[in-house]
Amino acid sequence: MKLRSLAALTVAALALITTGCSAATGSADGGTVTVKVAATVTPMTDAVEAAAEVIDDGYEIELVPVSDYVQPNILLKNKEIDANLVQFPSFMEEFNEKNDADLVAVQPVYKTVVAFYSKSLSSLDELPEGGSVVIPNDKANAGRALQMLADAKLITLDENVERFTAKVGDITENPRDLEITQVGLMQLNTAYDEADAVFNLPSFARQLELTPEDDGLMVEQDKAFEVTMAARPDNHDSPEITALAKALTSEHVRETLTELGVPAAF
């Protein structure tokens with residue numbers, strides 16, 4: 001396996017050492033090039049680890065584990081890593097807008113199947129008057145969650161708003177007076193114990209032993225939300241990123257994702 005793992009606690013030290021420098025490294029004699037790739041949770045980390053087992057000779061992958069979804073983009077923007085696998089393109093674009101960044105979506109790797117979950121309801125239609133609904137607070141996932149509620153005819157969104165881009169303020173009708181609360185991605189699992197219904201991503205739902213197929217009250221899968229490897233304008237077509245993209249779209253990665261019940265996007 002051509003994989004080097006970097007402990008999460010060393011990320012800050014790495015930032016101090018490498019800020020402003022290209023992350024990809026190789027030996028002075030032109031030997032193995034190390035490609036640093038950040039990922040958060042399964043199946044992102046699994047895909048990176050599987051890619052490390054099949055990446056072309058001359059390259060190895062160093063997995064940089066991180067505990068949130070912002071740090072990987074900061075590390076990438078600052079050239080402290082070479083790529084990350086943590087997001088779909090619209091999430092990356094939101095980061096670019098807020099941080100004067102220009103990260104580039106390079107290669108879709110797997111599809112996200114999201115759902116609403118509940119400890120007390122068997123259908124979204126059972127949501128009571130004044131029921132509590134929790135959705136993410138980032139623009140991309142919030143728009144997706146609100147669109148699902150609109151598709152279920154629980155709310156009505158402004159007809160002038162493009163699909164998947166709505167904000168809570170774009171709700172024009174809320175006949176059940178649902179209490180819609182937005183939280184960070186890392187708080188969605190906690191909200192599952194407290195709210196009537198919670199939108200959740202498969203990576204987090206799996207931690208609660210929930211799957212969209214078996215437990216989702218409403219399930220959605222759209223091509224716009226494929227988790228995609230990201231890089232920068234200065235390296236997105238470099239030999240090491242090309243080798244990484246090839247490895248991440250290998251049959252071995254596809255099989256790894258399939259074993260986890262995750263549909264590949266390639």
Side-chain angles (χ1 to χ4, degrees), residues 39-51 63 65-69 72 85-91 108-127 131-138 140-154 164 178 180-229 248-249 251-266:
T40 51
V41 296
T42 183
M44 300 163 187
T45 51
D46 300 89
V48 173
E49 290 170 343
L63 173 63
V66 289
S67 59
D68 63 35
Y69 285 82
L85 183 65
V86 296
Q87 64 206 321
F88 32 78
S90 54
F91 189 97
V109 177
Y110 68 87
K111 303 173 184 177
T112 57
V113 185
V114 297
F116 275 96
Y117 299 91
S118 175
K119 297 189 76 170
S120 59
L121 309 178
S122 58
S123 166
L124 276 182
D125 195 50
E126 296 177 4
L127 275 167
S132 57
V133 178
V134 173
I135 66 173
N137 63 4
D138 67 278
N141 280 304
R144 192 178 190 184
L146 290 170
Q147 188 63 57
M148 290 176 69
L149 293 174
D151 290 345
K153 302 188 185 308
L154 293 169
F164 296 131
L178 299 175
I180 299 175
T181 303
Q182 295 185 265
V183 302
L185 293 175
M186 309 304 286
Q187 281 73 56
L188 291 173
N189 283 2
T190 300
Y192 176 70
D193 290 324
E194 304 167 353
D196 292 312
V198 177
F199 172 98
N200 213 339
L201 299 167
S203 299
F204 300 125
R206 189 178 292 109
Q207 296 171 10
L208 299 174
E209 298 185 349
L210 301 172
T211 65
E213 296 81 6
D214 295 333
D215 306 292
L217 305 185
M218 181 179 184
V219 177
E220 185 266 308
Q221 175 180 308
D222 191 278
K223 185 176 177 62
F225 300 97
E226 294 176 341
V227 173
T228 299
M229 185 260 283
L248 282 170
T249 55
E251 190 59 30
H252 182 55
V253 170
R254 183 190 300 276
E255 291 170 356
T256 298
L257 293 171
T258 299
E259 289 175 2
L260 293 170
V262 178
F266 54 87

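One-based numbering along the sequence shown.
Annotation for A145 and F199: closest pair CB-CD1, 3.5 Å, computed over non-hydrogen atoms. Closest heavy-atom contact between P136 and Q182: O-NE2, 3.0 Å. Residues R144 and V114 come closest through the heavy atom pair NH1-CG1, 3.2 Å. In terms of heavy atoms, E226 sits closest to P89 at O-CD, 3.5 Å. Residues L217 and S118 share a closest heavy-atom pair of CD1-CB, 3.6 Å. Considering every non-hydrogen atom in both M229 and L85, the closest pair reads N-CD1, 3.6 Å.
Residue F88 holds its CZ atom at 6.5 Å from CG of L201, rounded to the nearest 0.5 Å. A distance of 6.5 Å separates OG in S67 from CE in M186, rounded to the nearest 0.5 Å. Between atom CZ of residue F266 and atom CG of residue L248 there is a gap of 8.0 Å, rounded to the nearest 0.5 Å. Note that the CD atom of E251 and the OG1 atom of T258 stand 8.0 Å from one another [nearest 0.5 Å].
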Report the C-alpha separation of D138 and Y69 in whole Å, then their side-chain angles, then the decisive distance to 0.1 Å, and conclude whether the side chain to side chain contact (heavy atoms under 4.5 Å, CB included) test is met.
CA-CA 11 Å; D138 67 278; Y69 285 82; over 6 Å; no
Pair D46-L257, side chain to side chain contact (heavy atoms under 4.5 Å, CB included): steps then yes or no
CA-CA 8 Å; D46 300 89; L257 293 171; 5.9 Å; no
Are D151 and M218 close enough, and set up right, to give a side chain to side chain contact (heavy atoms under 4.5 Å, CB included), and what steps lead you there?
CA-CA 10 Å; D151 290 345; M218 181 179 184; 3.8 Å; yes
Quick one: do I135 and N141 satisfy side chain to side chain contact (heavy atoms under 4.5 Å, CB included)? Show the steps, please.
CA-CA 8 Å; I135 66 173; N141 280 304; over 6 Å; no
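In this structure, V133 and D196 have side chains that are not in contact, with every pair of non-hydrogen atoms separated by 4.5 Å or more. Contact of the L149 side chain with the I180 side chain is registered, since non-hydrogen atoms from C-beta on lie closer than 4.5 Å. Looking at T42 and L260, their side chains come closer than 4.5 Å, going by heavy atoms from C-beta outward. When side chains are defined from C-beta on, R206 counts as touching P43, because their heavy atoms get closer than 4.5 Å. The side-chain heavy atoms of P212 and Y117, taken from C-beta on, include a pair separated by under 4.5 Å. Annotation: side chain of P263 is in contact with side chain of V113 (closest heavy-atom distance under 4.5 Å).
Counting non-hydrogen atoms of neighbouring residues, nucleotides and ligands closer than 6.0 angstrom, the CD atom of E213 exceeds 12 such neighbours.
Shown here are the ring-ring contact (aromatic ring centres under 6.0 Å, His included) partners of Y110, two or more places apart in sequence or in another chain: there are none. Taking the ring-ring contact (aromatic ring centres under 6.0 Å, His included) definition, one finds that F164 meets it with F225, sequence neighbours left out.
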